[in-house]
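Read through the structure below, which is laid out as structure tokens, and then see the notes.
Hydrogens, waters and symmetry mates play no part in the numbers below; they use all other heavy atoms, side chains included.
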2 protein chains.
Amino acid sequence: MRDEITCRVCRGAIRPPARGRRPVYCSRACQARAYRSRRDPPVPVPVEAEPAGRRRQIVEAVWRIAAERGLQMATVREIAAEAEVSPRVVQYHFADKHDLLVTALRMLHRENEIRARERIIALRDAADPRVLLRATLEELLPLDDQRQASLRVMAAYYARSLTDPALAEVFLHDANPLEDLVAALITAAGPGPSIDVAREADLLVGGVSGLGLDLLHGRRTRADVRRTLDYHLGRILTGR
Amino acid sequence: MRDEITCRVCRGAIRPPARGRRPVYCSRACQARAYRSRRDPPVPVPVEAEPAGRRRQIVEAVWRIAAERGLQMATVREIAAEAEVSPRVVQYHFADKHDLLVTALRMLHRENEIRARERIIALRDAADPRVLLRATLEELLPLDDQRQASLRVMAAYYARSLTDPALAEVFLHDANPLEDLVAALITAAGPGPSIDVAREADLLVGGVSGLGLDLLHGRRTRADVRRTLDYHLGRILTGR
DNA sequence: TCCCTTGCGGTACGGACGTATCAATGACAG
DNA sequence: CTGTCATTGATACGTCCGTACCGCAAGGGA
């Protein structure tokens, strides 16, 4: 029934393998002959040509699953389905699942930095350090769907990173330039008297992280967080 | 070989079941007779009597695994091994795995509140609102092994709660009495002029959460966080 | 003596998981 | 025509997972 296969070209017998796809031709020559005599497939191969590449497509599927269903649901089969490819394609483009997860985190990291830079530069008053400072801090908050999804993914990854050195490394990669940036922006915006810009930057960045997590839970409203942020910026900076 | 069992008491034939432990007696009567004729087991049953109960023992195993290896490693079999019981015992004491995880989170929540209260009340200067405020905030930081383990577990649970309503409910259970408590303590300790205690409390609690997560990663030192906290408490409160 | 309850041992079931294996495909080079 | 390459299809393997099932142990109450 299942054994005894004959080559489609030369009618020779082929022995079926223990695993994998069942052979159709007995040799490369027969396969090439069949290919050539075909010439003009039913569909002229839409060649949709993923410009961003398969890897990118798969990584984005990881992000979506992690944000909507959590990292524990990001199995190879689920990721493949979400990316609309076969599981084999996932297997081909990444060494293993761990490699895929680490790559997805690294790419999200870069992505966030790029998008943040773009959004901040696009501001009309990009020259005003006060506006820059506010925008920089708000970049860490889930104030739109894109940032919310990103923060959800990052939160899931943070938890994993506590028990996975490879993931932790991504989080710790750049020491703390964010706090330094915020401190520099405070200095440029004109801090009030007896203000320790480094300490203020530390609490601001830490606070925005904490408040962001509350926002994800719906434990606070966006307006509430904005008001808190306004208050503290007004307190730190001179003039009004 | 495997079939054809005879009752240990009446020597009657028993048919082996398709699943589960193989029968030894043919009836309840024979089993009871064997039990009675035994009377005085090899070990006089030390009756170790878990004072805290099996459920507690199992839940603590969940905490340890979640803190050291992450929630995704908290499988029923791993939990049972960590608690030094059989998987069947875990199955018996909890409706299912999800019930166990939710229970473990709820118990940790209570545990943390109790321990925090004890530690704060044990302070010598428990009457001084300034000391109380500092202790309350430090309670959220991983400043010793116990609090560090607890925070690691909570971080793992937080990530899960983003995609698990039952877990989210535990986090959201009490609206935000912590911020209210901190605000009350600031008021009692004597805030400086033009200080909005509610806004200060919000950023302090959020900031301490964010800084605590950095501490878990080793992105900051305990001394650094303490200094930041000192600075802000000194800034908010009048007098020195 | 019998029934019932609480607690647990041991194991089986069915499915999902990450990964391995082998072949086919389409394009190109020699 | 043949070889090679990057990519993908189609399973199969072995393991682990959550849970279901059946029975034993020890005692309480009638």
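Rounded to whole angstrom, the span from the NE2 atom of A:His98 across to the P atom of C:dC17 amounts to 18 Å. Protein atom CD of A:Gln57 is 13 Å distant from nucleotide atom P of D:dT7, rounded to whole Å. Here D:dC17 presents its P atom at 18 Å from CZ of B:Phe94, a figure rounded to the nearest Å. Distance, B:Gln72 CD to C:dA16 C1': 17 Å, rounded to whole Å. Here the P atom of nucleotide D:dT15 and the CD atom of B:Glu78 are 16 Å apart, to the nearest Å. Rounded to whole Å, atom C1' of C:dT6 lies 14 Å from atom CZ of B:Arg55. When rounded to the nearest whole Å, the span between CG of B:Leu100 and C1' of D:dT19 equals 14 Å.
For A:Phe171 and A:His109, the ring centers sit 6.0 Å or farther from each other.
Evaluation of atom-type donor-acceptor distances gives no pair under 3.5 Å for the side chain of A:Arg88 against the base of D:dT11. Taking only distance into account, the side chain of B:Arg77 meets the base of D:dG18 through a donor-acceptor pair shorter than 3.5 Å.
Along DNA chain D, the nucleotide closest to B:Lys97 and the one closest to A:Ser86 are compared, and the more 5′ of them pairs with A:Ser86. Residue-to-nucleotide proximity on DNA chain C shows that, of B:Val89 and A:Gln91, the 5′-proximal contact is made by B:Val89.
Atom CD in B:Glu169 sits 11.5 Å away from atom OG in B:Ser161 (nearest 0.5 Å).
Checking the phosphate oxygens (OP1, OP2) of C:dG7, a side-chain nitrogen or oxygen of B:Tyr92 falls inside 4.0 Å. Contact annotation: A:His93 side-chain N/O to D:dT8 OP1/OP2 distance is under 4.0 Å.
Between B:Arg56 and B:Glu60, at least one side-chain N (NZ, or NE/NH1/NH2) sits under 4.0 Å from a carboxylate O, which counts as a salt bridge. A salt bridge links B:Arg226 with B:Glu138: at least one charged nitrogen is closer than 4.0 Å to a carboxylate oxygen.
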